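Here's the structure, in structure tokens; my notes come after.
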Amino acid sequence: MPSVLLSQADIISTVEFNHTGELLATGDKGGRVVIFQREPESKNAPHSQGEYDVYSTFQSHEPEFDYLKSLEIEEKINKIKWLPQQNAAHSLLSTNDKTIKLWKITERDKRPEGYNLKDEEGKLKDLSTVTSLQVPVLKPMDLMVEVSPRRIFANGHTYHINSISVNSDCETYMSADDLRINLWHLAITDRSFNIVDIKPANMEDLTEVITASEFHPHHCNLFVYSSSKGSLRLCDMRAAALCDKHSKLFEEPEDPSNRSFFSEIISSVSDVKFSHSGRYMLTRDYLTVKVWDLNMEARPIETYQVHDYLRSKLCSLYESDCIFDKFECAWNGSDSVIMTGAYNNFFRMFDRNTKRDVTLEASRESSKPRAVLKPRRVCVGGKRRRDDISVDSLDFTKKILHTAWHPAENIIAIAATNNLYIFQDKVNSDMH
Amino acid sequence: MLSKGLKRKREEEEKEALSVDSWWLDQSHPAVPQTPPAVASSSLFDLSVLKLHHSLRQSEPDLRHLVLVVNTLRRIQASMEPTTALPPVPMPPTAPSVADSLLASSDAGLSASMASLLEDLNHIEDLNQVPQPQADEGPPGRSIGGVPPNLGALDLLGPATGCLLDDGLEGLFEDIDTSMYDSELWVPASEGLKPGPENGPAKEETPELDEAELNYLMDVLVGTQALERPPGPGR
């Protein structure tokens with residue numbers, strides 16, 4: 001698999017393909033957004049088959065100081081979501097803990113020349129020297145990508161925003177923080193509607209927070225949100241203005257044989273994604289990824305172990321706070337393969353049809369451009385093969401929290417701390 | 001804290017595994033020797049209490065982390081309480097006293113401190129109350145104004161005025177809920193966290209800022225002094 005590797009100064013905090021996969025946006029801890037564009041495949045350079053190059057870089061959020069509460073607001077970009085493209089321009093939403101911004105990205109590759117009233121430098125001409133009129137002509141120029149902030153959606157959230165999701169109606173979007181979800185209209189910044197509020201009257205009674213949320217890809221009235229207790233709530237905005245009562249509650253009963261003090265922490269859902277078909281949901285908790293059928297609330301239809309060998313290490317992971325790490329998950333374009341990150345710069349893919357899975361590594365050492373990624377294996381004692389990694393040698397500081405899959409092709413983007421890897425796979429022949 | 005996850009030498013790992021790892025497994029796990037739950041949990045209890053305090057000392061605690069730690073602590077606490085239904089489990093002589101003293105000293109105190117500290121989060125909300133615009137008939141749901149809270153008092157901080165020591169001083173604090181400044185979360189110096197019961201009554205009193213505190217707050221507001229913040233976990 002050919003791979004593109006770029007170094008970025010700051011830790012990448014989110015990765016997102018646009019709806020065609022032509023553009024890939026990353027956000028980082030320093031509040032910057034970098035957009036990559038896929039080069040069209042050309043016959044002249046068959047090796048650069050649609051590789052991604054930097055298209056635009058801009059500062060989305062700056063650190064802010066809330067004087068009223070004497071708190072610093074981090075500029076870290078928590079999420080980026082692309083709007084469906086409606087004209088020549090591209091638009092995306094980026095958010096930090098408190099403020100969401102709508103950015104418009106336009107291209108300029110022509111420049112008008114031959115003004116009547118001003119000269120080449122833009123200075124006003126002496127009118128007495130103008131003897132005839134000319135029509136300005138558009139001349140080609142080097143491509144310039146211009147990014148401008150079109151809307152700033154501020155002051156909607158008391159708590160930290162963890163997700164944003166654009167509605168299929170392309171007019172509204174929602175933003176979720178720990179306790180509330182707001183619905184915004186893309187054109188209106190001074191007002192939002194609160195559609196979910198789980199804040200208890202007395203904060204002493206707080207036992208559960210919202211961890212992620214997403215709109216259904218086709219039904220503009222449906223959305224789902226996940227909680228720290230491992231439950232999913234599907235809500236219908238047509239049923240009530242305030243969607244505190246869920247339409248469906250998806251929850252798996254606790255497995256008594258696996259119960260421990262950490263059961264709740266490891267059941268906390270860190271990410272939820274609807275399948276492209278809209279029929280399933282994918283959730284990630286600390287040790288597993290689960291596929292849920294929207295028609296069945298009692299339990300997931302599929303459960304995949306990401307790194308079950310960590311189950312006996314939960315206490316030290318609790319001690320180091322690693323147990324609180326929030327991993328994301330992703331579907332491939334046909335909803336047949338799911339992917340999620342793990343530790344030691346490993347990421348995992350599960351083929352839902354063949355039930356085979358593979359562990360791959362995103363690191364400079366193991367991936368040279370155009371090299372094929374070698375499957376990795378973690379051994380838990382017993383027989384150990386030559387290239388196996390022992391559980392005790394895993395590097396827990398190298399975590400792959402953010403991954404994204406191209407909407408149609410087998411191209412994946414993996415964020416490994418401050419490095420971005422883009423892998424293009426022709427054939428999934430390495431599953432075992 | 002993250003560095004604990006780095007690679008360790010194999011020999012160290014094996015040594016630690018014997019003394020530490022087996023304690024954390026559930027009682028029902030077949031491979032684990034029957035260790036008394038109170039002894040195994042007390043270290044986990046301490047660790048959780050430490051995490052809770054650390055989390056609450058953040059200027060803006062990570063609610064998810066906080067809630068998960070609190071819930072885990074409640075589970076541990078519940079498992080440490082002696083149950084009347086079961087016959088007394090033979091325990092090593094040191095264990096009951098350790099467990100009892102922990103429970104005695106921290107149970108009431110912990111509940112109270114957890115309660116008061118969580119209640120402080122209520123005040124974060126209060127400060128952020130935005131003026132509700134007139135609800136229109138049309139739009140469903142509750143609309144929240146996007147306008148920031150009353151900034152009248154803070155206009156005094158404009159660049160032209162510079163110093164705040166005008167007659168506007170009283171007006172500056174008029175609109176701010178000063179009870180926040182009495183809470184745990186606002187302790188500026190890096191003193192140890194005061195346990196709950198001491199803090200509880202203090203919050204009931206009318207908050208009166210003395211001159212030193214006022215000076216400190218003003219310095220922070222004009223930016224001459226940065227507010228001390230302990231580093232957050234994983235931020």
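Reminder, nothing fancy here: chain letters follow the sequence lines and each chain counts from 1. Model, not experiment: these values are computed from the prediction.
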Original post:
Given side chains that start at C-beta, do those of B/Val67 and A/Glu208 come closer than 4.5 Å, heavy atoms only?
Top reply: no
**OP:** Using non-hydrogen atoms and a 4.5 Å limit, figure out which bit of A/Ser227 sits close to chain B: side chain, backbone, both or neither.
**Re:** neither
**OP:** Assess the side chains of A/Tyr318 and B/Ser48: does a donor N or O sit below 3.5 Å from an acceptor N or O?
**Re:** yes
Subject >> All side chain to side chain contact (heavy atoms under 4.5 Å, CB included) counterparts of A/Lys326, not counting sequence neighbours >> reply: A/Ser270, B/Arg64
Subject >> Spatial distance of atom NE2 (A/His160) from atom CG (B/Leu63) [nearest 0.5 Å] >> reply: 8.0 Å
Original post:
What distance separates B/Leu50 CG from A/Glu319 CD, expressed to the nearest 0.5 Å?
Top reply: 9.5 Å
**OP:** Decide if atom NZ of A/Lys398 counts as having more than 12 heavy atoms of other residues, nucleotides or ligands within a radius under 6.0 Å.
**Re:** no
**OP:** Check A/Ser260 against B/Arg75 and note the closest heavy-atom contact, atom names and distance.
**Re:** O-NH1, 3.2 Å
Original post:
Within 45 degrees of the axis of the six-membered ring of A/Phe324 and under 6.0 Å from its centre: does B/Lys51 put its NZ or CZ there?
Top reply: no
Subject >> A/Leu317, part contacting chain B, at a heavy-atom distance under 4.5 Å >> reply: neither
Original post:
CG of B/Asn71 to CD1 of A/Ile265: how many Å apart, nearest 0.5 Å?
Top reply: 8.5 Å
Original post:
Do A/Ile73 and B/Glu60 come within less than 4.5 Å of each other through their side chains, counting heavy atoms only?
Top reply: no
Subject >> Proximity breakdown for A/Ser268 and chain B, heavy-atom pairs closer than 4.5 Å >> reply: side chain
**OP:** Under 4.5 Å heavy-atom distance to chain B, tell me which part of A/Lys76 shows up: side chain, backbone, both or neither.
**Re:** neither
Original post:
Shortest non-hydrogen contact from A/Ser228 to B/Leu68?
Top reply: O-CD2, 3.8 Å
Original post:
Distance from B/Leu73 atom CG to A/Phe261 atom CZ, nearest 0.5 Å?
Top reply: 11.0 Å
